[in-house]
Every structure is written in structure tokens, then in C-alpha cells.
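Encoded as C-alpha cells, the structure appears first; notes follow it.
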Amino acid sequence: MTFASCTPEVRELLLSRITDVTDYPKPGVVFKDITPLLADPAAFGALTDTLVELADRYGATKIVGLEARGFILAAPVAVKAGIGFIPVRKAGKLPGATLAQAYELEYGTAEIEVHAEDLSTGDRVMVIDDVLATGGTAEASLELIRRAGAEVAGVAVLMELSFLPGRAKLAGALAGAPLDALIVV
């Protein structure tokens, strides 16, 4: 298991700003709400700084943020690192030519898209999201990145839900690229 190089103090700060919401979005689910972390400039800044350090370590030339909370985390990282931000969106949300990738959900399928021209050969792409759960969206994003001709530099998530199979699902798709989780619950 790989953990990002954040100090125990930063990890504790981040954890202290994530709240549990029971029975959301349905009974039996404990939702990890990151909005208090985003509302705290010290915590959000520490998270951004840690992800910027990872982007530098990965040698990233582009940052991909996964819809929707991944956008919130990834965009300031791209700005601070001085590299491009690319949104990976749900199907039908991007205008113009896109590359699409379908993936399996617990009950059915979903599809994500990226603008075809936003990634190209020579790009080293870091994927950022808030939570790694089952790994389906992240795995599909890695496929999109490679289909665009770019290289996967790494994946970083704020939080990994260790009781779900996301890490195992991504193992093959990573093809040796690092997967860093700042917090594992």
C-alpha cells in the first residue's frame, strides 16, 4: 500500500475535517463528507500542497480530475503546479469531439469522457479524485488516458476505502504507475 508523503500532522488535520454522515445517500451507508475540509483554508491548502508534491514526484505534465469532487481537488493542484487541468466527465457533458470509456457499476454501466484533443503523446498524466472506492471510474480514466496516447504518471486520492476492492481492481490498470492515498479508512 502506498501512502503520500504527508506528515502525520497533515494527515490528522485532513481526517479531522472529514465528517461521517450516516444513512446517506441511502440507509446503511456512511458517507464521508469532505465539504468541511474544503471550507477550511488551512486544511484545503495542506491537501493541495501535498498533491502538488506528488505531481512533481510523478513528473506530471497534466492533471486529470474525475467528476465531480475530483475537479475541486485537481484544479488548484494544476494551477499551483503550473500544468494543465483536464476534466474527465460523465458522458454527454462535454461539447465537441470526445473519447468515451464505459465501465461497470454495481448495478449496470456508466460512461466517462474526455476531450479528444486535451491529451496527447508525451503527456504524463496524474489522476486525482476524492475517494477510491470500487475503482471503476479510476480504471476507466486510465484507459481513456492511454487511448489518447498519453502516459499514466500516477493516481492520487484523498481517501481510500480499504473495505472496498478499488486498489485490487486498479492493480493491473496502473501498469506500475503509483497509487497514493493520503488517508486510508
Side-chain angles (χ1 to χ4, degrees), residues 1-55 63-80 85-94 101-113 126-142 154-171 173 178-185:
M1 191 172 294
T2 305
F3 298 98
S5 61
C6 66
T7 66
E9 294 81 15
V10 168
R11 189 171 284 116
E12 185 55 39
L13 173 62
L14 299 177
L15 269 171
S16 74
R17 300 305 188 270
I18 298 169
T19 58
D20 288 345
V21 180
T22 56
D23 296 325
Y24 182 82
K26 62 183 186 177
V29 173
V30 178
F31 181 78
K32 300 291 188 183
D33 184 9
I34 68 166
T35 57
L37 186 157
L38 300 174
D40 180 331
F44 195 13
L47 171 60
T48 300
D49 290 345
T50 300
L51 293 172
V52 168
E53 289 172 17
L54 283 174
I63 300 288
V64 156
L66 303 182
E67 188 165 332
R69 289 181 302 248
F71 295 172
I72 298 166
L73 304 184
V77 172
V79 169
K80 195 162 187 179
F85 168 72
I86 312 299
V88 169
R89 306 235 26 215
K90 294 175 184 171
K93 300 289 185 179
L94 291 171
Q101 182 66 40
Y103 62 99
E104 296 293 321
L105 298 170
E106 187 176 353
Y107 300 104
T109 61
E111 190 172 53
I112 56 173
E113 295 179 331
M126 175 180 176
V127 176
I128 296 178
D129 205 3
D130 65 328
V131 175
L132 175 61
T134 61
T137 307
E139 181 182 41
S141 74
L142 300 181
V155 176
V157 295
L158 167 59
M159 186 176 2
E160 178 181 350
L161 304 180
S162 63
F163 53 90
L164 293 173
R167 185 171 288 269
K169 182 175 183 86
L170 281 182
L179 167 59
D180 283 285
L182 302 184
I183 298 167
V184 177
V185 295

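Residue numbers count from 1 along this sequence.
Not one N or O on the side chain of Arg11 forms a donor-acceptor pair closer than 3.5 Å with the backbone of Ile183. With hydrogens and angles disregarded, no donor-acceptor distance shorter than 3.5 Å links the side chain of Glu67 to the backbone of Pro87.
Residues Arg167 and Ala181 share a closest heavy-atom pair of NH2-CB, 4.1 Å. Closest approach of Leu14 and Ala43 over heavy atoms only: CD2-O, 3.5 Å. The nearest pair of heavy atoms linking Ala138 to Leu66 is CA-CD1, 4.0 Å.
A 4.5 Å side-chain heavy-atom check between Glu160 and Val185 finds every atom pair outside the cut-off. Inter-residue side-chain proximity for Met159 and Ile34 is flagged as met; some heavy-atom pair is nearer than 4.5 Å. Between Val29 and Asp23, every side-chain heavy-atom pair lies at or beyond the 4.5 Å cut-off. The shortest side-chain heavy-atom distance between Val127 and Leu142 falls under the 4.5 Å cut-off.
One distance of note links CZ of Arg89 with CG of Leu94; it measures 6.0 Å at 0.5 Å rounding. Expressed to the nearest 0.5 Å, how far CG of Leu13 lies from CG of Leu47 amounts to 9.5 Å. Annotation: the span from Ile112 atom CD1 to Glu139 atom CD amounts to 10.0 Å, rounded to 0.5 Å. The structure places CG of Asp180 at 9.5 Å from CG of Leu51, a figure rounded to the nearest 0.5 Å. The OG atom of Ser162 sits 10.0 Å away from the CG atom of Leu132 when rounded to the nearest 0.5 Å. Atoms CG and CG, from Asp49 and Leu54 in turn, are 11.5 Å apart once rounded to the nearest 0.5 Å.
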Lys93 and Glu113: CA distance, side-chain angles, deciding distance, salt bridge (charged side-chain N to carboxylate O under 4.0 Å, His left out) verdict:
CA-CA 8 Å; Lys93 300 289 185 179; Glu113 295 179 331; over 6 Å; no
Before you tell me yes or no, could you show the steps for Val155 and Met126 under side-chain contact (heavy atoms from CB on, under 4.5 Å), namely the whole-Å CA-CA distance, both residues' side-chain angles and the distance that decides it to 0.1 Å?
CA-CA 6 Å; Val155 176; Met126 175 180 176; over 6 Å; no
So Leu158 and Val131, side-chain contact (heavy atoms from CB on, under 4.5 Å) or not? Walk me through it.
CA-CA 6 Å; Leu158 167 59; Val131 175; over 6 Å; no
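Of the candidates Asp20, Thr19, Leu38, Asp33 forms a side chain to side chain contact (heavy atoms under 4.5 Å, CB included) with just one, namely Thr19.
Salt bridge status for Glu111 with Lys90: absent, with no side-chain N to carboxylate O gap under 4.0 Å.
Donor-acceptor pairing under 3.5 Å is lacking for the side chains of Thr109 and Tyr103.
Within 6.0 Å of OH in Tyr24 there are 12 or fewer heavy atoms belonging to other residues, nucleotides or ligands.
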Please table the atom pairs, donor to acceptor, closer than 3.5 Å between any side-chain atom in residues 68-77 and protein atoms at least two apart or in another chain.
from: Arg69; atom 1: NE; to: Asp130; atom 2: OD2; distance (Å): 2.3
from: Arg69; atom 1: NH2; to: Asp130; atom 2: OD2; distance (Å): 3.0

